[in-house]
Structures are given as C-alpha cells and as structure tokens.
Number of protein chains: 2
Amino acid sequence: MPRAGLSPDAVVDAAIAIVDAEGPGALTLAAVAGRAGVATPSLYKHVRNLAELRLLMTVRVMEELTERLGEAALGRSGDDAVRAVMRAYRSYVVEHPGRYASMEQSAEPLGKVDAAGERLLGVILAVLRGYDLEGSALVHAARCLRSSVHGFAVLEAAGGFGLPEDLEASYELLITMVTGGLPHRTARVT
Amino acid sequence: MPRAGLSPDAVVDAAIAIVDAEGPGALTLAAVAGRAGVATPSLYKHVRNLAELRLLMTVRVMEELTERLGEAALGRSGDDAVRAVMRAYRSYVVEHPGRYASMEQSAEPLGKVDAAGERLLGVILAVLRGYDLEGSALVHAARCLRSSVHGFAVLEAAGGFGLPEDLEASYELLITMVTGGLPHRTARVT
DNA sequence: CTATAAAGCTAATAAAGTTAGCCTGAACTG
DNA sequence: CAGTTCAGGCTAACTTTATTAGCTTTATAG
C-alpha cells in the first residue's frame, strides 16, 4: 500500500530539511519519519539504517557542491577560476550551514561517497590545470585549496568565528593567499 | 563512600582515553563509566550531562593545543614562528586524531570554551605580531591561518585525503602558502 | 482477476541518556 | 572519641532512539 510514495531520495530530502531547519543535532529517524509522513520503521524500506542515511546525505551535499563549483568555474581559468570556485563554495555553506555541518565524519569505504568526492575533486583539479603544476604538485595544491576552504567553511558554519570583523574580508584574504601561493604559469620560451 | 575518587578532570581523562582508542563514535557514558570504574549514573555527580562532558573535552584539547603552540613559538618570530606553530598544530592532531575529531560542533555560549578559544587565539595573534598587520588585518590573517590549519587537520583526522601522495609535502606547501600570503614587514625608512 | 512483492504499519527489544532516591563512609564538630 | 553531615557512589526506573520481526495491503504484472 505505497501511500506515501517514499523513496531513498525523498528520505534524504526530509533529512536535509531537518538539519537545515534545526541543525545536525536534530537529525533523528523519528523526526525524518514525521516529516516524511510515515512511521519510523517504514524508513528502513528505503534506507539501511541511520549511518547509511548520513552517508546519502553527504553524497547529496557533495553533489550539490560539485554542481555549484562546476558552474562557477565555467568559462574561467587561472586565478579567476580559483576565486570564483572558492566564493561559490563559501556561498553554498552560508546558504546551508546545517546541511554542510551534517556531512562530516565517517571513514566508511562506501563507494558512493568516494565517487562523489572524486567528482568534487575533479572540479578542483580542473581549475588548477591553469597553473604550472604537474603530478604530485597538483595533488598537493588541491589539498591546500580544499583544506583552506573547508576549514573556513566548518568554522563559519559552526559559529566558530567570534569576533565582529567582516567575514567576507577574511575570506577574500584567504582567496588571495591561495591564489598567491600557486605557481603561476610563466610565458615560457622554448 | 568515595571509593573511586573521581573528579570532573578524571571523567574527562576517561572520555579522552576512549576517543583516542576507539574514535569519537565510541564515546558513550557507559563506556566512560566503565573505564572510570564506576556505574553510569555516578558520572552525573561530576558532570552535568553528556553535552557538558563534550564541552569539557573540547576545552581540554584546546588547552593542550595552546600549550604545544606556545612552546613551538617560543624564541621564534616571523615566518619561522608561523612555520613552527603550524607544524606543532598538525603534529598534535596526528598524534591524537580521535581526540581532535571529537571536539567539533557545539555553538554553546559556555564560557569555558570561549575562554580556552581565546587563549588559543592569543598564541596565534602573538605569532602574527611579527608581520605588518594592524587592527582588522590581524584578525583576518589569524582567521586564514586558523582555517587552513584546522581544515587540513579535520580532513587528515577523518581520513579525508584518499590519494597516496605524501601528506607532509602537502602540509609544507600549505605552510608556504600561508607565510607567503602574509604581508612581511619591510625595512621601512622614515 | 489473481498473485506477488513492495511499502506501510504495529509490536517488541536493546542501548543510551537521564532522574530519583537510597546508603555509606570520610571528614568535620563538639 | 562519638555524632552529624554530605559528597560521591549505587540501584531502580523512565524516555528516547535505533532497529528487527512479522503482519497487512495495494499497486501492478500477467
């Protein structure tokens, strides 16, 4: 008697609505079921358990982020692309802090997360193609970019910045720090 | 009949031992009580509840970190000091990943956490005194340093770096990115 | 029109956090 | 040194959450 017409995606929708509205701490199967209009145990027809739901949420966020970053990077290159991607990243987090804060932890070998992470990494690597980076250097640069951006995002989403100084300005400095630290392609004469 | 001779600090000790050994997911009052050699409800004589225990753990970690960073900064200045502090930060996280990963979240107005955070910030600000930074610029720089270091730490502690490239090398790049992005004090002639 | 299987539901269990209230022995008082 | 007090421990009991088992039903395929 499929009345509610649920699906794994719909369950993730409900879960994300909850963390958006009330923060990661409010994520409970009862709450998800309530929002989905279904009894708690019914969720298990669509999701293996809470841990899997969390992973699916992480995948969802990574995908949304990947799309945003991809759009931001379109038609740009070099510092310009890095700037746009970094700003897009933060704007996503500012718009959905609860959602972003929900996706941490794990370490599971679940393929879906890895795959989504790789797509996200792909965008970053693509943006860094415009620099004079090869092999390992590219990976190191990508890690630095990701660390900076993620660190800022986590701290901001958790309300970790106490002082009243403008966060935009701080982030702009972070952006110049990153772009300034990448080896720019110099016009090379053979 | 105070047999176990517990105290808030001892409870935090037990809790930290658990996250060190089994990760943040294993933190449960039953586990803490077990390690402390006491029945679960007895913990409430020393700690208001699980949330407060988490906050106390966060304070503890911040204090340990502050001490490490302070030591690392001693007798150094400028880029040298920043490098030493950043390396000390990461070395702490590498030594105690579970402990570091346990301290996230919250947003509580609990005074103790804020105070510990301010002491930690104090060390960072002190290290940045060696640069040509004043007022807000100092705050922005401190945030960038903190974001980068924290982001790398979180990702590393959570096993978020999948590729086999050397993490040390990535971190050294991050260090040069940060030091390179700070405005160096130029010999100024009046 | 019927058979089946997916999608709900109710009931039940186990673990975790938390509260209430009892009990005792260590420490302080006189 | 005896008596009082109370911090710190315990057991019992409750609530909430995750999870499992098993029943029921309706969309739908044939």
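So that the names make sense, note that chain A is the first sequence line, chain B the second, and so on, each numbered from 1.
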* For B:Y44 and D:dC10, what is the distance between atoms OH and C1' respectively, to the nearest whole Å? -> 15 Å
* Asked: To the nearest angstrom, how far is B:N49 atom CG from C:dG17 atom C1'?
  -> 9 Å
* Specify the separation, in whole Å, of atom CZ of A:R48 and atom P of D:dT20. => 11 Å
* **Protein-nucleotide distance (B:I18, atom CD1; C:dA16, atom P), rounded to Å** => 11 Å
* Distance in angstrom units between A:L50 CG and D:dT17 P, rounded -> 12 Å
* To do: May I ask you to say what A:T28 touches in the nucleic acid, namely base, sugar-phosphate or nothing, with a heavy-atom cut-off under 4.0 Å?
  => sugar-phosphate
* Given side chains that start at C-beta, do those of B:V19 and B:M57 come closer than 4.5 Å, heavy atoms only? -> yes
* Nucleotide nearest A:H46 (side chain, heavy atoms from C-beta), chosen from D:dG9, C:dG8, D:dT19 -> C:dG8
* A:L43 has an atom CG; how far is it from atom P of D:dT17, in whole Å? -> 13 Å
* Asked: From C:dA16, C:dA7, D:dT19, pick the nucleotide closest to the side chain of B:A30?
  -> C:dA16
* Matching residue for B:Y171 among B:V94, B:D166, B:V149 - test: side-chain contact (heavy atoms from CB on, under 4.5 Å) -> B:V149
* **Of the listed nucleotides C:dT19, D:dC10, C:dA7, the one nearest the side chain of A:K45** => C:dA7
* To do: Taking the six-membered ring of B:Y92 (Phe, Tyr or Trp), confirm whether the NZ or CZ of B:R68 is under 6.0 Å from its centre and within 45° of its axis.
  => no
* Euclidean distance, atom CD of residue A:E52 to atom P of D:dT20 [Å, nearest integer] -> 12 Å
* Structure fact -> B:V38 has its side chain closest, among D:dA18, C:dC9, D:dC10, to D:dC10
* To do: Is it possible for you to check whether A:R143 lies under 6.0 Å from the centre of the six-membered ring of B:F152, through NZ or CZ, and within 45° of that ring's axis?
  => no
* From D:dA12, C:dA16, C:dT10, pick the nucleotide closest to the side chain of B:P41? -> D:dA12
* Asked: The side chain of A:A39 lies closest to which of these nucleotides: D:dT19, C:dT18, C:dC9?
  -> C:dC9
* Walk me through it: do A:R83 and A:E172 pass the test salt bridge (Lys or Arg N to Asp or Glu O under 4.0 Å)? => CA-CA 9 Å; A:R83 267 192 294 270; A:E172 290 300 318; over 6 Å; no
* Between A:S42 and C:dA7, does any side-chain N or O lie under 4.0 Å from OP1 or OP2? -> no
